[in-house]
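First up is the structure itself, then whatever we jot down about it.
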Amino acid sequence: MAQAVRTDPGRILTELYKEHSADVFRYALHLTGRRADAEDVLQQVFLQAHRHLAGGRELVSPRAWLLTAVKHRAYNLARDRREIPLDQADAPAPPR
């Protein structure tokens, strides 16, 4: 039974959200410049993390994984809107 609790994707996701959501949101806001877009990116990234975990995979370095996912989501959003040149999409991660 302890094994099932430890590997429960929902429980892991809840813990990840509690620990990292503020950093994820700040980074998304930094990259997008819009609160609504940052909220969308936050939601998309944690949904992606849930799918990743539910697929039986783990996040070896959760903060790095989440912030990389934010960068990619924000980049895709800006690219789809044609707001930034492709070579300017690499912004540094926020300080912890």
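Contact record, Ser21 with Leu42: O-CD1, 3.7 Å, taken as the closest heavy-atom pair. The minimum heavy-atom distance between Leu66 and Ala49, with the atom names listed, is CD2-CB, 4.2 Å. In terms of heavy-atom proximity, Arg73 sits nearest to Val45 at CG-CG2, 3.9 Å. His20 and Arg63 get closest at one heavy-atom pair: CE1-CB, 3.5 Å.
Interatomic distance, Leu77 CG to Arg34 CZ, rounded to the nearest 0.5 Å: 7.5 Å. In this structure, CD on Gln44 lies 9.5 Å from CG on Asp37, to the nearest 0.5 angstrom. Between the CD atom in Gln43 and the CZ atom in Phe25 there is a gap of 12.5 Å [rounded to 0.5 Å]. Interatomic distance, CG of Leu53 versus CG of Leu16, reported as 6.5 Å (0.5 Å rounding).
Surrounding CD of Glu39 are more than 12 heavy atoms belonging to other residues, nucleotides or ligands, all under 6.0 Å away.
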(Q) Quick one, Arg79 with Asn76, criterion side chain to side chain donor-acceptor pair (under 3.5 Å). Give me CA distance, side-chain angles, the key distance, then yes/no. (A) CA-CA 5 Å; Arg79 185 196 62 210; Asn76 289 339; 3.2 Å; yes

Q) Is there a side-chain contact (heavy atoms from CB on, under 4.5 Å) between Asp40 and Thr32 once you walk through the steps? A) CA-CA 10 Å; Asp40 288 344; Thr32 65; over 6 Å; no

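When the side chain to side chain contact (heavy atoms under 4.5 Å, CB included) test is applied to Ala54, the partners found at least two apart in sequence or on another chain are Pro9, His50. Under the ring-ring contact (aromatic ring centres under 6.0 Å, His included) criterion, Phe46 pairs with Tyr17, sequence neighbours left out. Under the ring-ring contact (aromatic ring centres under 6.0 Å, His included) criterion, His52 pairs with Trp65, sequence neighbours left out.
Annotation: side chain of Leu59 is not in contact with side chain of Ile12 (no heavy-atom distance under 4.5 Å).
Ion pairing between a basic and an acidic side chain is recognised when a charged N comes within 4.0 Å of a carboxylate O; Arg11 and Asp8 show no such pairing.
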